[in-house]
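Notes follow the structure.
Throughout, a chain's letter reflects where its sequence line sits, starting with A, and its residues are numbered from 1. Nothing here was measured: the structure is a model prediction, and the numbers come from that model.
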Amino acid sequence: MATWLTLRENKEFRTLYYRGRSQVHPALVTYVRKNKLGVPRVGITTGKKLGGAVQRSRCRRVIREAFRPYFSQVGGYDIVFVARTRLLTMKSTQAAEVIGHHLRQLEVI
RNA sequence: CGAGUGAGCUGAGCAGCCGCGUGCGCACGCGCACGAGGAAAGUCCGAGCUCCACAGGGCAGGAUAACGGCUAACGGCCGCCGGGGGUGACCCCAGGGAAAGUGCAACAGAGAUAUACCGCCGCUUUAUGCGGUAAGGGUGGAAAGGCGAGGUAAGAGCUCACCGGCACGCUGGAGACAGCGCGGCCCUGCAAACCCUAUCCGGAGCAACGCCGAUAAAAGCGAUACAUUGGCCCGAUGUGCUUUGACGGGCGGCUUGAGCCAUGCGGCAACGCACGGCCUAGAUAGAUGGUUGCUCACGACAGAACUCGGCUUACAGGCUCACUCAACCG
RNA sequence: GAACCAUUAGCUCAGCUGGCAGAGCAUUUGACUUUUAAUCAAAGGGCCCGGGGUUCGAAUCCCCGAUGGUUCA
């Protein structure tokens, strides 16, 4: 399976925060905006509030794992996931339910 | 069995499926191998490596501090000396110089590095004054070595014995130092106050640095100038330098190294030597996760970013070895 | 990766050539006023970020940490 493209520049994150549509949950926040590439680009934000490097890395892994089943269904969208503190105690299956609900609400899939 | 001291180890395991990073093979479907820590952390020290004069002279500044060793080096480690704590196993110590100089010692106290308040003694005009003295009182963290005897008007290292300290000599030791003898009679504490002595330190850091591509334009400053160059001066070398604009650049550096394991030898030890075996992360928005089943003591602190040697800090629980004390039983 | 700063009363800060820990605002009480505000007077409130050390004595000097913040590449 080919990996998705990643968002890297701070500029791109800021445009999503500013212009993208969003869904909020105690575990994570999802921002979505249409791009012109035809393939999805994904960024993950894990802030200092979550804890040390161990906690932040774990949040990134859980989000990646939870998003993986939905990757093939998403078209040309930029997506940013922002991890929140509730995610530290969650399993990836629970996170996948949250992400699926968010993506359906935002009419991406 | 109880209380404790020191040293070391471990840091859930196994199996199936899906997924991630790197390397190799490839029939481009995929397959195989490897894949975080004892602290990866804090960045407190020391080095390697790269660039700058292969690194120069002086001042300033910083670090260290008994002695001997180990090491690439160290502020680390080992041994030992001295001091302190503990019944003990054992633990702790920035532990050079106060006789080079300067400074500080509040309050109390007469007096804080020099003195005489109460006293004691002698003389006298007997209210008192003058002189001698520092044993006793009182203050203080500290009061001119301590204690006893002789001595004296009263006293005093004034004299003597013992103890402490200092200087000198001898012996032992690699040395710090220890022991003994002898001399003289004497020195407050603080250098983690300034300082002095000895030793060491050029600067920056992998976002260093090298190669390749793209862009290759504008403005300003200047040869008594500017840069290398850092806190300053000298010396040396070079001829540009600064600002703005323009890159979502690529590759190397990037993991075989003062490496790890086992055995033997030397050494009290730290460590060294010989021989044999092993290859053990290398990402570049940043790789170890999810799920199912089983077992148990139900899983702490915590995630590599150029690499090593230490130090320090965080850490649920479990295990091993050596030793000490106390008590009981035999 | 590297360099530096701060932590003191509820809040903002002094004190850092070692010797009883202070100011302003805030709080409480009293006075003034019909009442409140303002003003005046008084009071309470501190393990000086934590742990060691030097010293007779440490907020101050030294070492090791914790937390927060700043700067450079």
Practice task
Between A/R58 and A/Q55, just flag the one whose closest nucleotide in RNA chain B comes earlier from the 5' side.
Solution key: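 Looking at RNA chain B, the more 5' nearest nucleotide goes with A/R58.
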Using Watson-Crick or G-U wobble geometry with both distances under 3.5 Å, which nucleotide pairs with [N]?
N: C/U67; answer: C/A6
N: B/U263; answer: B/A274
N: B/G205; answer: B/C49
N: B/C32; answer: B/G23
N: C/C11; answer: C/G24
N: B/C162; answer: B/G146
N: B/U280; answer: none
N: B/C294; answer: B/G13

Practice task
For A/S22, check side-chain hydrogen bond (donor to acceptor under 3.5 Å, both in side chains) against everything at least two apart and list the hits.
Solution key: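 side-chain hydrogen bond (donor to acceptor under 3.5 Å, both in side chains) list for A/S22, sorted by chain: empty.
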Problem - Any residue meeting side-chain hydrogen bond (donor to acceptor under 3.5 Å, both in side chains) with A/R86, in chain and number order, not counting sequence neighbours - result: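 Expected list: none.
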Syn or anti for [N], with syn set at within 90° of 0?
N: B/A73; result: anti
N: C/G52; result: anti
N: C/U35; result: anti
N: B/G38; result: syn
N: B/U255; result: syn

Exercise for the section: Select one nucleotide: of B/C18, B/G286, B/G290, the one nearest the side-chain heavy atoms of A/R64. Expected result: B/G286
Exercise for the section: With rounding to the nearest 0.5 Å, note down the distance linking NE2 in A/H25 to CD in A/E97. Expected result: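 Between A/H25 NE2 and A/E97 CD, I get 9.5 Å after rounding to 0.5 Å.
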Can you tell me how far [atom1] in [N] sits from the matching atom in [M], rounded to whole Å?
N: B/G48; M: B/C254; atom1: C1'; value: 15 Å
N: B/C315; M: B/C54; atom1: C1'; value: 47 Å
N: B/C166; M: B/C177; atom1: P; value: 11 Å
N: C/G22; M: C/A9; atom1: C1'; value: 10 Å
N: B/U255; M: B/C261; atom1: P; value: 23 Å
N: B/U320; M: C/U55; atom1: C1'; value: 46 Å
N: B/C180; M: B/G151; atom1: C1'; value: 33 Å

Exercise for the section: Could you tell me which non-hydrogen atom of A/I44 sits nearest to which non-hydrogen atom of A/R64, and how far apart they are? Expected result: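 The answer is CD1-CG, 3.8 Å.
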Completion exercise
Taking every heavy atom of A/L87 against every heavy atom of A/A27, the minimum-distance pair comes out as CB-O, 3.5 Å
Practice task
Would you kindly check whether a donor in the side chain of A/R60 faces an acceptor in the base of B/G289, or vice versa, at under 3.5 angstrom?
Solution key: no
Problem - Any A/R61 side-chain N or O less than 4.0 Å from OP1/OP2 of B/U288 - result: yes
Problem - Validation row: A/T30, A/I79 side chains within 4.5 angstrom (heavy atoms) - result: yes
Handout entry: Side-chain heavy-atom pair A/H102, A/L28 within 4.5 angstrom cut-off
Key = yes
Handout entry: Check: A/R84 side chain, A/V29 main-chain N or O, donor-acceptor pair, under 3.5 Å
Key =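 The answer is no, because no donor-acceptor pair under 3.5 Å joins these two groups.
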Practice task
Verify the cluster assignment for A/V80 and A/V24: are they in a single hydrophobic cluster under the rule of side-chain heavy atoms below 4.5 Å apart?
Solution key: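 They do share one cluster, since a chain of ILVMFWY contacts under 4.5 Å joins A/V80 to A/V24.
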Exercise for the section: Whole angstrom is fine here: how far is it from CZ in A/R56 over to C1' in B/G289? Expected result: 18 Å
Pairs under 3.5 angstrom, nitrogen or oxygen only, protein versus nucleotides 312-315 of chain B, please.
none

